[in-house]
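Okay, structure first, notes after.
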Amino acid sequence: MSKQEKVRLTFPDGSVREYPKGTTPQQILEEMSPQFRKKVLAAKLNDSILELNRPIEEDGEFRFLTWEDKEGKYVFWHSSAHLMAQAIKRIFPQAKLGIGPPIEDGFYYDIELDRPITPEDFEKIEKEMARIVEEDYPIIRKVLPREKALEFFKQIHEDLKIELINDLPEDEVITAYSQGEFTDLCRGPHLVSTGKIGKNFKLLSVAGAYWRGDEKNKMLQRVYATSYPKKKMLEEHLHRIEEAKKRDHRKLGKQLDLFSIQESIGNGLILWHPKGARVRRIMEEFWINEHYKHGYELVYTPHVAKLQLWETSGHTGFYRENMFPPMVMDDVEYQLKPMNCPFHITIYKSHLRSYRDLPMRFAEFGTVYRYERSGVLHGLMRVRGFTQDDAHIFCTPDQLTDEIVKVLDLVIYILQTFGFNEYDVYLSTRPEKYVGTLENWDAATNALQNALEVKGLEYEIDPGEGVFYGPKIDIKIRDVLGRSWQCSTVQVDFNLPERFDMEYIGEDGKPHRPIMVHRALFGSLERFFGILIEHYAGAFPLWLAPVQVTLLPIADRHHNYAHRIYQELRNANVRVELDTRNEKVGFKIREAEVNKIPYMVIIGDKEVENQTLSVRHKGEGDLGSMTLDEFRDRLLHEIKLKK
RNA sequence: GCCCACGUAGCUCAGUCGGUAGAGCACAUCCUUGGUAAGGAUGAGGUCACCGGUUCAAAUCCGGUCGUGGGCUCCA
């Protein structure tokens with residue numbers, strides 16, 4: 001009798017156990033508690049994920065994957081994608097399958113079909129999916145030799161799959177997964193049967209998507225859907241989608257009369273209405289004060305400049321597709337500015353600079369215009385005209401890391417003040433199209449990396465995502481709903497100083513080349529405002545609220561007293577409104593609540609007689625009566641705290 | 001830009017089979033002076049996004065243009 005071969009598995013608790021070679025995770029799972037068994041979706045051996053019925057052939061670190069693991073979720077969604085594809089194929093046998101991966105909150109499948117799939121079809125597809133779940137087919141993995149695979153998918157007319165197989169590397173093990181009559185080319189892994197997916201799924205939307213993400217290819221129909229192991233989880237997810245819709249800045253922008261985008265003006269161009277403009281002013285004033293404190297000087301520059309300037313900067317070569325077309329005046333071409341940097345450089349160059357002048361920090365709310373393809377425009381988030389809170393720091397190589405660290409400090413301080421405490425930091429490296437030498441790119445990337453190390457910030461590298469003139473640190477904030485938004489950016493640039501032949505005179509009396517740092521904290525005022533609206537669901541904290549207080553006199557005879565309060569609060573710089581309309585107080589309160597005004601002050605006989613105010617806070621309700629002084633102090637204190 | 005869907009009063013939306021336009025809110029006027037989330041009456045408000053076509057007749061059907069929305073990054 002030959003001794004049976006064994007595999008040694010190390011479990012997460014550190015224990016090491018031996019099993020006969022070929023044991024499946026399912027068999028190991030039998031040892032676990034029934035509650036745990038129910039939760040397990042797949043297993044992980046070293047770096048590969050296995051379905052539960054896959055024999056284990058080698059030693060290694062072993063653990064089970066549940067919904068708590070990202071990989072577990074992905075197996076679940078991946079199997080869900082197959083389930084949906086199978087249902088779609090049953091209903092539309094002529095459909096051809098593209099790819100069907102799991103994504104952040106669910107999964108999709110790209111389908112080629114001779115008719116559009118509409119939301120009306122969703123119910124039918126979902127019904128068919130439920131049927132397949134009930135039929136509970138085992139999901140069977142098959143390894144196919146390349147020829148066999150090609151033959152099989154040719155036979156079932158899955159042309160797109162054939163394209164995929166042909167593009168797989170020579171040595172790749174080709175696998176397919178079958179469930180009932182349905183077989184899909186797939187790397188896996190999957191749940192063990194369609195029944196394990198359960199019925200908590202929902203088709204969400206359908207959209208066009210280029211085959212393999214290339215706009216030269218044909219367009220497929222991408223069906224988005226999601227699924228969860230528990231009904232409650234699906235409901236919560238759908239609820240989150242509803243919440244996000246309620247917070248949509250486009251909707252709130254209209255409701256609260258903050259901004260608009262109008263056909264007569266042009267798409268991607270924003271009108272800031274008075275209330276939106278108030279919030280913007282506050283953002284700007286706060287920003288300006290902080291920048292003065294941190295050694296920046298404000299500058300203003302024009303919206304257009306000669307095209308030649310953009311040729312010098314390299315924009316016409318590397319950025320042209322994002323620029324508005326030039327205009328001709330007096331036989332000279334002028335360009336609407338897509339960036340502010342050449343202007344700040346030109347200001348720098350207006351004098352001979354000494355090393356003693358450095359670092360110089362020029363800041364500006366610079367409004368730039370960029371041509372964005374019509375299909376990518378989105379409310380305030382992606383527009384064609386926007387104002388950057390831009391600044392350029394000119395410094396010596398010695399000063400560089402320190403300057404970047406200072407910028408990072410300022411970024412974090414400003415973002416926190418606006419209520420954002422979570423961020424993801426990315427270091428983006430040299431893209432395919434770039435200007436400058438490799439040495440400079442390396443030096444710039446190192447400087448950014450150093451600063452991140454000094455700050456002890458965790459970050460990810462985003463290869464090839466830098467700007468054409470230099471690498472950058474991007475800081476993406478996470479809002480209340482956990483969504484991530486790109487705002488702040490810090491970019492090191494050795495190239496523009498060279499192109500513009502910038503100099504400073506060093507200690508040695510000789511000319512040297514300064515280094516330039518581009519940076520923005522809000523990124524764009526438009527986008528940041530949009531994010532703020534969604535973050536606060538339109539209910540801005542007191543210091544940002546466009547209207548902080550509304551005075552609600554009960555009857556005409558209270559107007560005089562109300563006017564006096566109004567003037568006093570205005571004098572104290574409080575953004576206050578007086579509602580003298582002929583309406584009942586309940587009506588006025590309702591309107592103030594709907595408009596998300598933080599404080600309401602009710603003024604009636606009692607208040608006039610006692611020279612007090614009856615104060616109500618949005619959300620908190622009636623705060624009782626207080627004197628004007630008490631109320632004003634409360635407001636000013638709360639405004640100062642900016643919370 | 002591309003695919004799909006959508007575009008009706010300031011806003012949110014209804015409008016059946018093609019027969020010539022409706023509601024609520026907002027607005028105006030009047031009544032009401034009311035104490036913590038909607039008092040009442042009356043009135044005004046539309047080239048049904050725009051251009052063209054089919055038809056006796058188009059908000060409705062067809063084509064085009066403009067705009068908006070979902071996506072086109074996740075690669076078996």
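All chains are named by letter (A, B, ...) in the order of the sequence lines, taking the proteins before the strands, and each is independently numbered beginning at 1.
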[atom1] atom, [N] versus [M]: distance in rounded Å?
N	M	atom1	result
B/C72	B/U16	P	35 Å
B/A23	B/C30	P	24 Å
B/G52	B/G15	P	28 Å
B/G53	B/A14	P	30 Å
B/A44	B/A5	C1'	35 Å
B/C66	B/G24	P	37 Å
B/G7	B/U54	C1'	22 Å
B/U8	B/A21	C1'	9 Å

Whole-Å distance separating the [atom1] atom of [X] from the [atom2] atom of [N]:
X	N	atom1	atom2	value
A/Leu552	B/G34	CG	C1'	13 Å
A/Gln221	B/C2	CD	C1'	14 Å
A/Lys251	B/G69	NZ	C1'	13 Å
A/Asn267	B/G67	CG	C1'	7 Å
A/Ile111	B/C4	CD1	C1'	15 Å
A/Gln255	B/G10	CD	P	18 Å
A/Arg382	B/G1	CZ	P	13 Å
A/Asn595	B/C25	CG	C1'	13 Å

Would you classify A/Gly106 as touching base, sugar-phosphate or nothing, given that sugar-phosphate means primed atoms plus P, OP1 and OP2, and contacts are heavy atoms under 4.0 Å? nothing

Going 5' to 3' along nucleotides 35-49 of chain B, which nucleotides have protein heavy atoms under 4.0 Å from the base (write B), which only from the sugar-phosphate (write S), and which from neither (write -)? BBBBB----------

Sugar-phosphate atoms are those with a prime plus P, OP1 and OP2; base atoms are the rest. Using that split, label each nucleotide of nucleotides 70-76 of chain B B, S or - for protein heavy atoms under 4.0 Å, 5' to 3'. BBBSBBB

Residues which pass side chain to side chain contact (heavy atoms under 4.5 Å, CB included) with [X], listed by chain and number, not counting sequence neighbours:
X	answer
A/Ser205	A/Tyr224
A/Ile261	A/Phe259, A/Ile270
A/Asp462	A/Tyr426, A/Ser428, A/Glu465
A/Glu263	none

Using side chain to side chain donor-acceptor pair (under 3.5 Å) as the criterion, list what pairs up with A/Asp605, not counting sequence neighbours. A/Arg557, A/His558

Kindly write out the residues that satisfy ring-ring contact (aromatic ring centres under 6.0 Å, His included) with A/His535, not counting sequence neighbours, or none if the list is empty. A/Phe420

Given the options A/Ile165, A/Leu144, A/Ile174, A/Leu150 meets side-chain contact (heavy atoms from CB on, under 4.5 Å) only with A/Ile165

Please list, chain by chain and in numerical order, all residues satisfying salt bridge (Lys or Arg N to Asp or Glu O under 4.0 Å) with A/Glu422, sequence neighbours excluded. none

Under the salt bridge (Lys or Arg N to Asp or Glu O under 4.0 Å) test, which residues partner A/Arg370, sequence neighbours left out? none

Looking at the rings of A/His237 and A/Tyr228, which for Trp means the six-membered one, are their centres under 6.0 Å apart? yes

With ring centroids as reference points, do A/His78 and A/His82 lie under 6.0 angstrom apart? yes

Would you please enumerate the stems RNA chain B participates in, each stem being three or more consecutive Watson-Crick or G-U wobble pairs with both distances under 3.5 Å? B:1-7 with B:66-72, B:10-13 with B:22-25, B:27-31 with B:39-43, B:49-53 with B:61-65

Please tabulate, for side-chain N and O atoms in residues 46-53 of chain A, each donor-acceptor pair with protein atoms closer than 3.5 Å (sequence neighbours left out).
unit_1, atom_1, unit_2, atom_2, d
A/Asn46, OD1, A/Glu61, N, 2.9
A/Asn46, ND2, A/Asp59, O, 3.3
A/Ser48, OG, A/Leu45, O, 3.2
A/Glu51, OE1, A/Tyr177, OH, 2.9
A/Glu51, OE1, A/His190, N, 2.9
A/Glu51, OE2, A/Arg54, NH1, 2.6
A/Glu51, OE2, A/Tyr177, OH, 3.2

